[in-house]
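Everything on this sheet refers to the single structure shown next.
Naming: A, B, ... by sequence-line order, numbering from 1 per chain.
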Number of protein chains: 2
Amino acid sequence: MNQIICTVDVALLTLAEDGLKVGLLRREREPFKSVAALPGGYIHQESDNDARDAARRVLMDKAGIDPPYLEQLATFSGPARDPRGWSVSIAYYALVPAQLLEQAGERGMTLASADHPPQLPFDHRAIVAAAVARLRSKSQYSSLPCHLAGETFTLPQLQKVYETLMNEPLNKVSFRRKMTEMDMLDPVEGRLESAGAHRPAQVYRLKAAFRDELQLLERGL
Amino acid sequence: MNQIICTVDVALLTLAEDGLKVGLLRREREPFKSVAALPGGYIHQESDNDARDAARRVLMDKAGIDPPYLEQLATFSGPARDPRGWSVSIAYYALVPAQLLEQAGERGMTLASADHPPQLPFDHRAIVAAAVARLRSKSQYSSLPCHLAGETFTLPQLQKVYETLMNEPLNKVSFRRKMTEMDMLDPVEGRLESAGAHRPAQVYRLKAAFRDELQLLERGL
DNA sequence: TGAATAGTGTCTGTAAGACAATATTCC
DNA sequence: GGAATATTGTCTTACAGACACTATTCA
C-alpha cells in the first residue's frame with residue numbers, strides 16, 4: 001500500500017537591515033537536490049517524540065540552530081506538493097535574532113526576502129507566506145517580536161523591530177506605555193550607547209516567564 | 001518499515017442553551033470501538049485532495065454535516081497518542097449552528113460540554129481544549145462567532161453568542177457600533193419577534209463575502 | 001395602557017497620539 | 001556648549017462604556 005510521506009519544514013525568520021528574511025538551505029538529496037529550500041526532513045519515529053521534536057532536530061542537525069522561539073504554523077498536505085507522492089508537511093516557524101544566524105551562514109544557510117521569496121520547491125512559498133502572515137498578525141498584539149530583537153535590546157531598538165514587522169511608524173510614548181504595561185522586560189545593569197554622541201539607552205531583556213510564553217495585549221499595538 | 005498513521009479529527013462546536021458543546025460519535029472500529037470520540041478517520045490518498053478534504057468527507061460521511069465554517073486547528077503527533085503506533089492527526093474545528101446538529105443527532109451524534117469534556121480516547125481532550133481556546137481567542141476580535149448564530153439572527157441574539165463565548169457581558173451600544181463598523185451584516189426584509197410582547201428585532205444575515213473569510217477588528221470586541 | 005425588549009442619543013472616563021520639554025552622552 | 005538621541009510630561013482627540021430616552025410590539 002502506498003504510504004503517506006510525513007515531513008516537517010521550518011520557516012526560519014530573522015530581521016536584517018533590509019527587512020524580514022527567511023533562511024534557506026540547499027537540499028542534500030532528491031527530490032530537488034541542491035536546490036535552496038526550507039530546512040526540513042522526515043519525521044523519525046524512533047527518535048522523535050512528536051513533530052516539534054522533529055523540527056528542533058532538523059534545525060539543529062542541518063543548521064546548528066537551537067531557536068529561542070519555535071511554534072507550529074500549519075500542516076500542508078496533498079497528492080501534488082511532493083513529487084514522491086501524497087505527503088503531509090507539518091510546518092513550523094522559528095524566530096531567531098540576526099546574530100544567531102551568522103553561525104548558520106557557515107553551514108551554508110542563505111537568507112532570502114521573506115516578503116518576496118524566490119522560487120522554492122514543494123509549496124515552500126506558501127509556507128513562508130503563512131509564516132510571515134502569522135508573525136505580522138501576532139506582532140499586533142503580543143510580545144512575539146521580542147524574539148527577533150536578540151537576547152538584550154533597548155526600547156528604541158525594539159520599537160524599530162515592531163515598526164519593521166508592522167510596516168508602520170509607531171508612537172514613541174504609546175509604545176513605551178504598552179511595554180511598561182506588558183511588564184515583560186527586565187532592565188539590565190549598565191547602559192548602551194548607540195551610534196555615539198547622545199544619551200545612551202537602557203538595555204533590557206525579556207523576563208524569564210516570557211521566553212517561552214507570549215504576553216498578550218488587550219488592545220493591540 | 002513501520003509507517004506513520006495519518007488521520008484527521010474534527011472538533012465540531014456548537015452553542016446550546018447551556019453553553020458551548022462539542023459533537024461526539026461512538027467509534028465504529030478499533031481502537032476504542034464504540035467509545036464516544038471526535039469524528040475522525042484516515043486520510044484517503046485516492047480521494048482526498050488534502051487534509052481539509054478529508055475532514056469534510058469525514059463530517060459528511062459520519063455525521064451528514066457540511067459545516068459552514070471549517071478551519072485547520074493544529075496537528076497532534078507522537079508515538080503514544082494512538083495505540084496503533086506513531087501517528088499524526090491533523091485536527092480541524094468546525095462551527096455549526098445548533099439547528100444543523102439536530103439532523104446529526106439522528107445519526108448518533110451526542111453533545112458534550114466543550115469546556116469540561118468527558119474522558120475521551122487518544123488526545124481528543126487536548127484537541128477540544130485547543131479548539132475552544134482558538135474559538136474564544138478569535139471571538140475577541142473577529143466575526144467568527146457569527147457562524148454559531150445560524151443562517152439569520154438578530155443583533156441581540158448575536159450579542160448573546162459573543163457574550164457566551166467571551167464569558168462576559170458586553171455593552172450594547174459598543175457592540176452595535178462594532179457590528180456597524182465591521183459592515184458584514186445584511187438586514188433581511190421583515191422582522192422577528194422574540195418571546196412575545198415587545199418590539200421585534202431586525203433580522204440579519206452574514207454578507208456573502210464573510211461566509212468563508214473572517215472580518216477582523218482593529219481593536220477587539 | 002403597561003410590560004417588555006429593540007434601537008438610539010448623549011455624556012463621561014480612559015487610552016492613544018501629538019507635541020514638547022528635559023536628560024545624558026560625546027565631541 | 002552643541003548635536004544627537006533617550007526618556008518623560010502634558011495636552012488633545014478618539015473611542016468604549018454608562019445611562020437614559022424613544023420605538024414597537026403584544027396582551
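Side-chain atoms of B/Ala201 lie closest to C/dA6 of the nucleotides D/dA16, D/dT7, C/dA6.
Here ring-ring contact (aromatic ring centres under 6.0 Å, His included) pairs that include residues 97-121 of chain B, with residues two or more places apart or in two chains, number zero.
Every residue meeting the ring pair (Phe, Tyr, Trp, His ring centres under 6.0 Å) condition with A/Phe122, not counting sequence neighbours, appears here in chain and number order: A/Phe32, A/His124. Shown here are the side-chain hydrogen bond (donor to acceptor under 3.5 Å, both in side chains) partners of B/Lys62, two or more places apart in sequence or in another chain: there are none. Applying the side-chain hydrogen bond (donor to acceptor under 3.5 Å, both in side chains) rule to A/Glu163 yields the partners A/Gln159; only residues at least two apart in sequence or on another chain are considered. Residues meeting the ring pair (Phe, Tyr, Trp, His ring centres under 6.0 Å) test with B/Phe210, sequence neighbours left out: none. With sequence neighbours excluded, the residues that form a side-chain hydrogen bond (donor to acceptor under 3.5 Å, both in side chains) with A/Asp183 are A/Lys207. For A/Ser143, there are no side-chain hydrogen bond (donor to acceptor under 3.5 Å, both in side chains) partners two or more places apart in sequence or in a different chain. Partners of A/Tyr204 by ring pair (Phe, Tyr, Trp, His ring centres under 6.0 Å), not counting sequence neighbours: none found.
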List the atom pairs, donor and acceptor, that lie under 3.5 Å between side-chain atoms in residues 16-25 of chain B and the rest of the protein, sequence neighbours left out.
from	atom 1	to	atom 2	distance (Å)
B/Asp18	OD2	B/Lys21	NZ	3.3

Protein-nucleotides 22-24 of chain C N/O pairs under 3.5 Å:
from	atom 1	to	atom 2	distance (Å)
C/dA23	O4'	A/Arg199	NH1	3.2
C/dA23	N3	A/Arg199	NH1	3.4
C/dT24	O2	A/Arg199	N	2.9

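Within a heavy-atom distance below 4.0 Å of DNA chain D, no residue of residues 143-167 of chain B is found. Non-hydrogen atoms lying under 4.0 Å from DNA chain C are contributed by A/Asn171, A/Val173, A/Ser174, A/Arg177, A/Lys178, all within residues 168-188 of chain A.
Place B/Tyr204 and B/Arg219 on DNA chain C by their nearest nucleotides, and B/Tyr204 ends up nearer the 5' end.
A/Ile90 pairs with exactly one of A/Thr7, A/Val8, A/Asp50 by the side-chain contact (heavy atoms from CB on, under 4.5 Å) rule, that one being A/Val8.
Look at CD on B/Glu218: it is 14 Å from C1' on D/dA14, rounded to the nearest Å.
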